[in-house]
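To start, the structure itself, in structure tokens.
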Amino acid sequence: METILIVDDEKNYLVVLNALLAAEGYEILTTNNALDGLRLVKEGDLDLIITDMKMPGMNGMALLEECKKVKPDLPIIIMTAYGTIEKAVEAMKKNAYDYISKPFQNDQLKLTVKKALKNYTLIKENKLLSEALLYRFRFGNIIGKSKPMLKIYELITKLSQTKASILISGPSGTGKNLIAKAIHYNGPRKKRPFISVNCGALTETLLESELFGHEKGAFTGAVALKKGRFELADEGTLFLDEVGEMSPQLQVKMLRVLQDKEFERVGGTKSIKVDVRILSASNRNIKAEVANGLFREDLFYRLNVIQLEVPALKDRIEDLPLLIDHFIEKIGGKSRKKIILSQEVKKVLFNYSWPGNIRELENVIEHALGLSSKNIITLEDLPGHLLDNGIINKTLPEALEQLEEKLIRKALDYSNNVKSQAADMLGISRHLMHYKMKKYGILIS
Ligand SMILES: Nc1ncnc2c1ncn2[C@@H]1O[C@H](COP(=O)(O)OP(=O)(O)OP(=O)(O)O)[C@@H](O)[C@H]1O
Ligand SMILES: [Mg+2]
């Protein structure tokens with residue numbers, strides 16, 4: 001049932017309005033002063049306010065202003081004495097829903113109330129809907145609303161609650177690191193460390209002591225005991241980035257740790273037990289590496305209890321507009337003027353193959369924002385290599401026409417503008433040559 005608050009210093013009006021609207025099935029609250037009304041607005045769950053304008057103490061206009069501060073969407077109908085239209089206009093400017101002049105027609109009042117309530121329901125529904133949509137279009141810092149991304153959000157939600165090892169695969173720049181973090185920070189281990197190690201960035205020996213730590217004096221330069229990432233990640237998550245780069249020897253050691261859940265520091269004998277959740281990522285196809293004997297099959301199965309495959313940007317190009325907006329905001333800042341993309345730029349971006357995926361997109365937007373001085377990004381603001389591909393930003397017929405025009409001009413050049421000769425060179429009839437020249441506006445003297 002919808003609740004309406006009526007505020008009027010004249011008792012008669014309260015009684016009449018109460019009776020009229022209660023009969024319509026609404027729940028009615030009444031008060032004869034605005035301050036009390038404001039308290040009810042703050043405390044209660046109202047759907048509509050009908051208030052008189054002229055009251056001793058706080059008047060209707062002040063009540064309107066105060067209400068808009070706390071509940072901007074809550075509709076307010078103002079009642080004004082006959083002939084004070086200026087006040088009503090002022091109230092409308094301050095976002096009153098509507099006004100009625102006293103004395104009012106019962107039917108008109110009922111209709112206005114009904115419309116205000118309906119409108120409020122719509123506003124509330126819309127808000128809920130857009131919040132739900134916003135949630136659906138992003139997951140933490142991960143942006144995307146394409147089917148594969150929604151599927152990934154679902155998986156993150158589900159898998160974050162488990163301890164299963166997950167291998168996140170997919171091309172470079174598709175957000176594998178972001179997804180690994182999301183899995184950690186949405187799960188029960190979120191208050192414990194998320195420790196990341198890049199298996200491709202270190203030599204074998206360095207990586208080994210990074211992972212397992214070393215005792216003092218284990219090797220030259222090991223001047224102090226050092227805890228490894230496995231120890232640091234205890235009760236948390238260890239993220240093995242670029243796991244495909246791990247050397248065969250380290251793969252053996254890793255397998256042992258995953259099986260026994262214990263290891264020794266380099267140069268040490270004491271077994272160290274840890275409780276670590278393992279996530280790993282690779283932009284290589286590890287399954288193929290297993291087939292080629294480059295990656296241990298047993299380790300692969302340990303890491304890949306569940307596989308999460310992140311698609312390339314070109315396979316979810318419908319995410320492009322959202323991602324572009326996101327990066328414009330991230331790089332340019334919220335305060336910046338609204339930046340738009342020219343039609344040609346949109347076309348180029350949509351047709352580009354994005355080998356570097358989202359990382360590349362971020363760089364392109366940064367480049368463009370750096371160059372563009374206006375609030376529109378044009379072709380000149382894009383990095384050259386996006387345009388070099390020439391054909392890529394055109395449809396096939398467009399590209400073919402461009403090529404055709406070039407060839408015709410070249411043939412005419414070669415033949416000193418002798419049309420018949422040029423036509424022969426191109427293997428087309430003179431008639432067709434004439435037609436094409438006209439089509440492309442090629443004039444010869
Ligand atoms: N869906 C996404 N929404 C927003 N930003 C993204 C998304 N995916 C990737 N990014 C951003 O793109 C960049 C590259 O992402 P990330 O480092 O996670 O890629 P990756 O798949 O791990 O790449 P690599 O295989 O090269 O390590 C980061 O700055 C990241 O924040
Ligand atoms: Mg990465």
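As the structure lists them, so they are numbered: ligands from 1, and atoms in each ligand from 1.
Counting protein heavy atoms only, atom 20 (P) of ligand 1 is closest to Lys176 N, 3.4 Å. If you check which protein heavy atom lies closest to atom 1 (N) of ligand 1, you get Ile143 O, 2.9 Å.
Geometrically, ligand 1 and Arg316 share no nitrogen or oxygen pair separated by less than 3.5 Å. Here's the thing with Glu362: one of its N/O atoms is less than 3.5 angstrom from an N/O atom of ligand 1. Considering backbone and side-chain N/O atoms, Met149 never comes within less than 3.5 Å of an N/O atom of ligand 1. The shortest N/O to N/O separation between His326 and ligand 1 does not fall below 3.5 Å.
For Val310, the closest heavy-atom approach to ligand 1 does not fall below 4.0 Å. Contact between Gly173 and ligand 1 is present, with at least one heavy atom of the residue lying under 4.0 Å from the ligand.
Set against the non-hydrogen atoms of Ile142, the atoms of ligand 1 under 4.0 Å away are 1 (N), 3 (N). The atoms of ligand 1 that sit less than 4.0 Å from any heavy atom of Gly175 are 8 (N), 9 (C), 15 (O), 16 (P), 18 (O), 19 (O), 20 (P), 21 (O). Annotation for ligand 1: atoms under 4.0 Å from non-hydrogen atoms of Phe327 are 5 (N). Of all atoms in ligand 1, numbered sequentially from 1 with element shown, those under 4.0 Å from a heavy atom of Leu178 are 5 (N), 6 (C), 7 (C), 8 (N), 9 (C), 10 (N), 18 (O), 30 (C), 31 (O). Atom numbering of ligand 1 starts at 1 in the shown order; those under 4.0 Å from a heavy atom of Asn141 are 3 (N), 4 (C).
Salt-bridge check for Glu65 with Lys69: failed, with every basic side-chain N at 4.0 Å or more from each acidic carboxylate O. No salt bridge links Lys273 with Asp234; every basic N to acidic carboxylate O contact stays at or beyond 4.0 Å. Salt-bridge formation is detected for the pair Asp275/Arg189: a Lys NZ or Arg NE/NH1/NH2 atom is positioned less than 4.0 Å from an Asp or Glu carboxylate oxygen. Using a cut-off of 4.0 Å between Lys/Arg side-chain N and Asp/Glu carboxylate O, Lys110 and Glu24 are scored as salt-bridged.
Interatomic distance, OG of Ser165 versus CD of Gln307, reported as 13.0 Å (0.5 Å rounding).
With a 4.0 Å cut-off on non-hydrogen atoms, Asn283 touches ligand 1 through its side chain and not its backbone.
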